[in-house]
Novice: 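Here it is, the structure, as structure tokens.
One-based numbering, in listed order, for ligands and for the atoms of each.
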Amino acid sequence: ELTDLEQLSTALSSPNGKTQLKTIETLSTLGSSGEQVLMDFLVKGDRRHPTWVQGTAFLKLKKSESAAVQEFLSREFPQGVVPLNSDRDVDYSPLQALLIEQKFLEGDRLTLLKMCELAGESAMTRKWLYFSEVNQFPRTDLRTINTLWLVYSEGKFGFSVQREIWLSLGKDWDKLWPKIQWRTGKTWTRYPSEFIWDLTAPKGHLPLTNQLRGVRVIDSLLSHPAWTE
Ligand code: UYC
């Protein structure tokens with residue numbers, strides 16, 4: 001016969017995301033025994049490929065007042081749960097820190113700056129991207145940026161989420177914009193005040209790609225081999 005805690009531990013690996021989210025919620029109301037289940041879950045997980053479930057468990061533990069939990073986190077995950085791989089020596093730790101704090105507006109701005117850094121000096125000065133630079137991005141770096149967004153947003157944000165929605169709409173940009181609330185009717189959503197900078201946003205709302213210069217940059221991002229190879 002399974003104890004309640006064992007059942008909750010098993011439910012963390014349910015194929016149903018809503019069940020997983022509720023289970024983390026429940027465990028976080030059970031004090032140290034619930035926290036222990038969440039810590040075991042993080043230790044057992046695949047650290048090279050963290051999912052948003054691990055990210056959500058990490059964020060819950062981060063809020064704990066227990067010294068044992070905080071020691072565990074600073075020993076096992078001092079910077080967070082996402083490995084910050086880069087083929088061009090870009091440091092994504094400030095981005096990870098902002099997303100852990102759920103500072104999505106600042107994280108969005110830094111995402112653009114980090115992609116400019118990835119593209120090189122001229123993009124860093126320009127502060128915006130050419131689609132041809134995005135095409136040359138290493139898969140490793142785009143995956144790192146995407147995983148950071150995904151893992152600290154309960155799976156809601158990230159280029160791969162936008163890509164899935166875009167594909168489901170037959171790659172029709174005019175259908176994508178209202179779906180992710182970048183446009184309402186004929187009106188573009190105004191940057192930054194009208195965008196939603198928390199998890200109440202619709203799926204795929206963040207990160208933003210400015211459409212002032214057309215769709216080529218977001219097309220390169222969502223068509224990148226990072227998502228298929
Ligand atoms: N902005 O409207 N956007 C900016 C978006 C458009 C404009 C930044 C997204 C439409 C100007 C980000 C949408 C438009 C600037 C975004 C959006 C427009 C600016 C900061 C919905 C007018 C000042 C980063 C599609 C009708 C900067 C950056 C400039 C900035 C994002 C205007 C992240 C998703 C077509 C004037 N907008 N942007 O790129 O470049 O500067 O002059 O998309």
Novice: Among protein heavy atoms, which sits nearest to atom 20 (C) of ligand 1, and what does the distance come to when rounded to 0.1 Å?
Specialist: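 For atom 20 (C) of ligand 1, the nearest protein heavy atom is Y191 CE2, 3.4 Å.
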Novice: Are the side chains of E35 and L61 in touch, meaning some heavy atoms are under 4.5 Å apart?
Specialist: yes
Novice: Report yes or no: do V215 and L112 belong to one cluster of Ile/Leu/Val/Met/Phe/Trp/Tyr joined by side chain heavy-atom distances under 4.5 Å?
Specialist: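 They do share one cluster, since a chain of ILVMFWY contacts under 4.5 Å joins V215 to L112.
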Novice: Cation-pi check for W166 against R163: NZ or CZ below 6.0 Å from the six-membered ring centre and within 45 degrees of the axis, yes or no?
Specialist: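 R163 over W166 ring: no.
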Novice: Using the ring of each side chain (for Trp, its six-membered ring), is W227 parallel, tilted or perpendicular to F159, with breaks at 30° and 60°?
Specialist: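 Rings of W227 and F159: tilted, 30 to 60°.
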Novice: Indicate yes or no: at least one non-hydrogen side-chain atom of L150 is less than 4.5 angstrom from one of S160.
Specialist: yes
Novice: Taking only Lys NZ, Arg NE, NH1 and NH2, and the carboxylate oxygens of Asp or Glu, determine whether K114 and E117 approach each other closer than 4.0 Å.
Specialist: yes
Novice: Measure up the W173 and W177 rings against each other and bin them: parallel (under 30°), tilted (30 to 60°), perpendicular (over 60°).
Specialist: parallel
Novice: For atom 35 (C) of ligand 1, is there a protein heavy atom at a distance under 4.0 Å?
Specialist: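 Answer yes: something from the protein, a heavy atom, is under 4.0 Å.
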Novice: State whether any protein heavy atom lies less than 4.0 Å from atom 28 (C) of ligand 1.
Specialist: yes
Novice: To which protein heavy atom is atom 26 (C) of ligand 1 closest, and what is the distance rounded to 0.1 Å?
Specialist: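 Protein heavy atom at minimum distance: W188 CD1, 3.5 Å.
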Novice: Name the closest protein heavy atom to atom 24 (C) of ligand 1, giving the residue it belongs to and the distance to 0.1 Å.
Specialist: L112 CD2, 3.7 Å
Novice: Side chain or backbone, does N210 bring an N or O within less than 3.5 Å of an N or O on ligand 1?
Specialist: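 Yes.
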Novice: Identify the protein heavy atom lying closest to atom 2 (O) of ligand 1, giving its residue, its atom name and the separation to 0.1 Å.
Specialist: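 Looking only at protein heavy atoms, the one closest to atom 2 (O) of ligand 1 is T189 O, 3.1 Å.
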Novice: Starting from atom 11 (C) of ligand 1, which protein heavy atom do you reach first, and at what distance in Å?
Specialist: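 Its nearest protein heavy-atom neighbour is L212 CD2, 3.7 Å.
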Novice: Starting from atom 9 (C) of ligand 1, find the nearest protein heavy-atom neighbour and note its residue, name and distance.
Specialist: F195 CZ, 3.4 Å
Novice: With a 4.0 Å cut-off, would you call R183 and D174 a salt bridge?
Specialist: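 Result for this pair is yes, salt bridge flagged.
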Novice: For atom 43 (O) of ligand 1, what's the nearest protein heavy-atom neighbour? Residue, atom name and distance, please.
Specialist: Q211 N, 3.0 Å
Novice: So, does R213 sit close enough to ligand 1 that a heavy atom of it is under 4.0 Å from the ligand?
Specialist: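 Yes, R213 has heavy atoms under 4.0 Å from ligand 1.
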Novice: Could an N or O of ligand 1 be found under 3.5 Å from any N or O of W182, whether backbone or side chain?
Specialist: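 For ligand 1, there is no N or O atom that lies under 3.5 Å from one belonging to W182.
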